[in-house]
Every structure is written in C-alpha cells, then in structure tokens.
2 protein chains.
Amino acid sequence: MTRSYEQTCRIARALDVLGERWTLLIVRELALGPRRYGDLLADLPGMGTSLLAARLRHLERYDVVRRTVLPGPGRAAGYELGDRGTALTPLLASLVEWGGGLAPPPPGSFDRAAWTMLAMRLTAPGEAVDFDTVTEIAVDGETLWLQGDGERVRLETGPAPVKPGLRLTSGRATFQALATGRTTVDDAMASGELAVQGDADRARLFFDLFSLTNPSPTHGR
Amino acid sequence: MTRSYEQTCRIARALDVLGERWTLLIVRELALGPRRYGDLLADLPGMGTSLLAARLRHLERYDVVRRTVLPGPGRAAGYELGDRGTALTPLLASLVEWGGGLAPPPPGSFDRAAWTMLAMRLTAPGEAVDFDTVTEIAVDGETLWLQGDGERVRLETGPAPVKPGLRLTSGRATFQALATGRTTVDDAMASGELAVQGDADRARLFFDLFSLTNPSPTHGR
DNA sequence: CCGGATCCGTAACGATACTG
DNA sequence: CAGTATCGTTACGGATCCGG
C-alpha cells in the first residue's frame, strides 16, 4: 500500500504509519475536534483533495482516525480521532516542544490561533486540567473555546457550546505575544489590544497556566 | 530548499525540518553513537546515497547533525548528533511508545538488536541512569554496549571501550523475548539460549530496568 | 576504498476538473 | 459537499561515475 521501511524497529514502524507528508497535520487538526472533509481541506492549504482522501483512509485502518456523525442539526458526516489517534498526544507535545526551539517562522506563513492554543494546551502543566471556566477566545474573527474538566483540557474550534465564563478578544499579534509571555494581560488590556469579558483574574490565570514558556520545561530525559 | 508547509504552527515547523522520509531514522542511527557515512548508508537499507548526503546537509543546517572526527586511529570523518539532535530524545521516545502499540512487524523485516536496545533505553524509567555496570550485549554477532553514569544512559554500537562488567550473549529471538518480558533471564539461561558472563543478579536487574513493558508507563499528559 | 555527485526511471505529490 | 479522475511536477531509489 504505502511505502514501508520494512524494519522491526518501533520508530520505523510508527513512521510507516505517520511519517508521510501531511499525516501528522491531519492528526493535529482533528486534535482540535471533529471536522468535516471540506474543513480539513481548507485548513491544510496546499494539500490536494485526492491525497487527503487517501490519507484519511490510511489512518482509518489504524484507528488513528475514525468516521463519525457530527453533533448538531444536519447529521453531517465527519472525522474524529480514534483511540490510536488520541494516543498521539505525547508525540504532538514533543513536536511542539522541539519546534519551539526553531527560528521564528517567515512572514506570510499561514497562521491560526487554534494552532497556537493547541500548542499551549499540549505543553501546559498538569494543573491546567483544573481550569474549569468555559473560555472562549476570539482572535481576528477566529473563535475557539476550551475548558478543563479535572481530567484533561478540552479544546475545540468554533464558538463555545454554552455561555462562556470568560471571553478573550484580540488580534493575532497580541494573542501571540500573550501566548509566549512577551506581554501581560494587564498591559494588553490597558492598551486596548485585549478585551476581557469576565473575571480579569481568571484571564491572568489562564495565560499563567497555558503560556508557551520558551525555553521549555524540559520533560523527558 | 526542501518543501515547507509554510505554517507558523510549531508542529508544522518541526515537521518542515524532520518530516521528510528517512530523516528521523538518520537521527535514530546517530542516537546510537557517531557513525561514518558508509555505515549510515549500510544501516538504512533502501536509502539512496545522494539522498543521504542531501539529508545530512539539511540536518547540519539546524544543528540536528554535526560533522565530527571519529575517535580511534585513522581520524576518520563521521557524523554525530548536534544539540538540536540530542534534544530529539523525547520525540524518539514518543515514537517508540506509540509504535509499540502497532501490530507486530511482518517477517522478513530488517532487524537489529541496537534498535531494540535503543527503544529499551528511551522508555526505561529514570532509575536506569544508575545502572553503572558496563554491559556488553552480543546478539547474533551484533555487539553493542551501554552504561549509566547517574545522569543518563550511554548506549553505543560496537564493542565496549573497556572490559565490561556484564556480558550478555543470545540469539535474536531470545533477546526480543527478554526485551518484551516474554521470557526471563533464568529461563533463558536454563535453556542455554542466553549466556551471562558476570553477575546473574545484575543481568536480572538489567532486564527489569530496561524491559519494554507494553502497555507503556504513560509519560506526558 | 570512502565520500560523495550525476543521471534516469518510478512513485508520490499538487492543482484542477469532474461526478454522485 | 465529499470525494474520484487526470495530469504535470517534484521527490525518491538504484546504478554508475569521480576525486582524494
């Protein structure tokens, strides 16, 4: 089917499944919640449609990805992570940590707040699971939400399914600065670049918990 | 040079550097100690020589890989991991963990004890760094050695540079069974499939510490 | 002989058009 | 909207060739 390294090594076999172009970015997208085929295509600029279809079929075989019926009216078909897909969380976290050490991206790159927020979630300390305020984030028109439930932090694209207890609105540059700790909630509020609806203390706690401290909190050996 | 996703996302940027075919397997090989160009080529069956040269040059740019002079007589040129390469240890560990959940490899795959031992080292618990006995392992003619120094576990291919305190000799199948805990040192010794030179208690401790317990000791979130 | 560079056939990818 | 079909382009794999 797909080209294999034909090695017994676990690393090589993992890469047999995950190592081809776009594969882990599909997993990244679905780590942000279930999506429709067309949404995936739109969020992976440059990827051809036939390739996306082939990758999804491939990943289904390993239960990395699973077909599902999306919630809400319309019973639309979509894709979500399977059990072997959610098991990729530590791998995605390693990639985020390592990628954080690279030079800053060239201007003109595609950017989405959801990617930054996913990186924040993946590298957040364990206490972040107790952040139980439903928080909606709107960055430059893009909206997403998250909530900790004591077990893990749910993070999905789109508007919050219930009325959020905290709502943060900003532009991309400000959000990036907040994410990396280059600015603070107070400064961003004072300059009008960040709007906070809800408790300002909660907003401060939010960025304290999820901030992409770079260099990273070395995990592993 | 190489094709990029052109996304600001840290995952995508990490994959811009690491995501192409063979790249992480080169890192895996160099995680087993410095090597010469020809050795890398021999240990990566199927890889073309021009591609290896291109990958090495690419990885040098990011200090994942570095040119070096090999120890020993001859002052031969070789390659070793750079700082950004050794920083890939947690990523390799994640791949090992995830790959361990896949179906067993098809027969006829390439196999080396060094790959299994690297997987054991990457997923071993922290106490393994205190395993300070120089241990040489010979599996089916292939030899490698390792030693903990209290900080980390050094693991390299080839014979031990000093007289080992423990020496284990077996065939591939037996070593695999010992690595995955499907057999014990005592059983393998009793059946003559494993020869232990040195303290048998140390040999037992060795496999206790490094055994690829599958399912894994969940690390990360 | 080792460390590559060159060349060329094949397989993978990317863009667009097309179909149920 | 969710894919399949087609086709030009790029990347890879294998063999051969070259300089120290």
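Lettering follows sequence order; numbering is per chain, from 1.
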Can you check whether B:C9's main-chain N or O pairs, donor with acceptor, with A:R28's side chain at less than 3.5 Å?
no

Would you confirm whether A:T68, through its side chain, and A:L70, through its main-chain N or O, come within 3.5 Å as a donor-acceptor pair?
no

Round to the nearest Å and state the distance from [X] atom [atom1] to [N] atom [atom2].
X	N	atom1	atom2	answer
A:Y5	C:dA12	OH	P	13 Å
B:L41	C:dC1	CG	P	16 Å
A:L51	C:dA11	CG	P	17 Å
A:D16	C:dA12	CG	P	13 Å
B:L40	C:dC2	CG	P	14 Å
A:L25	C:dG14	CG	P	11 Å
B:M47	C:dG3	CE	C1'	14 Å
A:L52	D:dT4	CG	C1'	13 Å

Should the ring pair B:F131 and B:F210 be called parallel, tilted or perpendicular, given that the plane angle runs from 0 to 90° and is split at 30 and 60?
perpendicular

Base, sugar-phosphate alone, or nothing: which one does A:A76 contact when heavy atoms must sit under 4.0 Å apart?
nothing

Between the side chains of [Y] and [X], is the shortest nitrogen-to-carboxylate-oxygen separation below 4.0 Å, so that they form an ion pair?
X	Y	answer
B:E60	B:R66	no
B:R67	B:E80	no
B:R112	B:D43	yes

Picking from D:dT6, C:dC13, D:dC12, which would you name as closest to the side chain of B:R3?
C:dC13

B:S50 has its side chain closest, among D:dA5, C:dC13, D:dG14, to D:dG14

Would you say the side chain of B:T143 lies within less than 4.5 Å of the side chain of B:I137, judging by non-hydrogen atoms?
no

Does [X] put a side-chain nitrogen or oxygen below 4.0 Å from OP1 or OP2 of [N]?
X	N	result
A:R21	D:dT10	no
B:R57	C:dA5	yes
B:Y79	C:dG4	yes
A:R75	D:dC1	no
B:W22	D:dG13	yes
B:R67	C:dG4	yes

5'-to-3' dot-bracket of DNA chain D (Watson-Crick, G-U; under 3.5 angstrom; crossing pairs as [ ]; | other strand):
.|||||||||||||||||||

Pairwise 5' ranking along DNA chain C for B:R36 and B:T49, keeping only the more 5' one
B:R36

When the ring centroid of A:F110 is compared with that of A:W115, is the distance short of 6.0 Å?
no

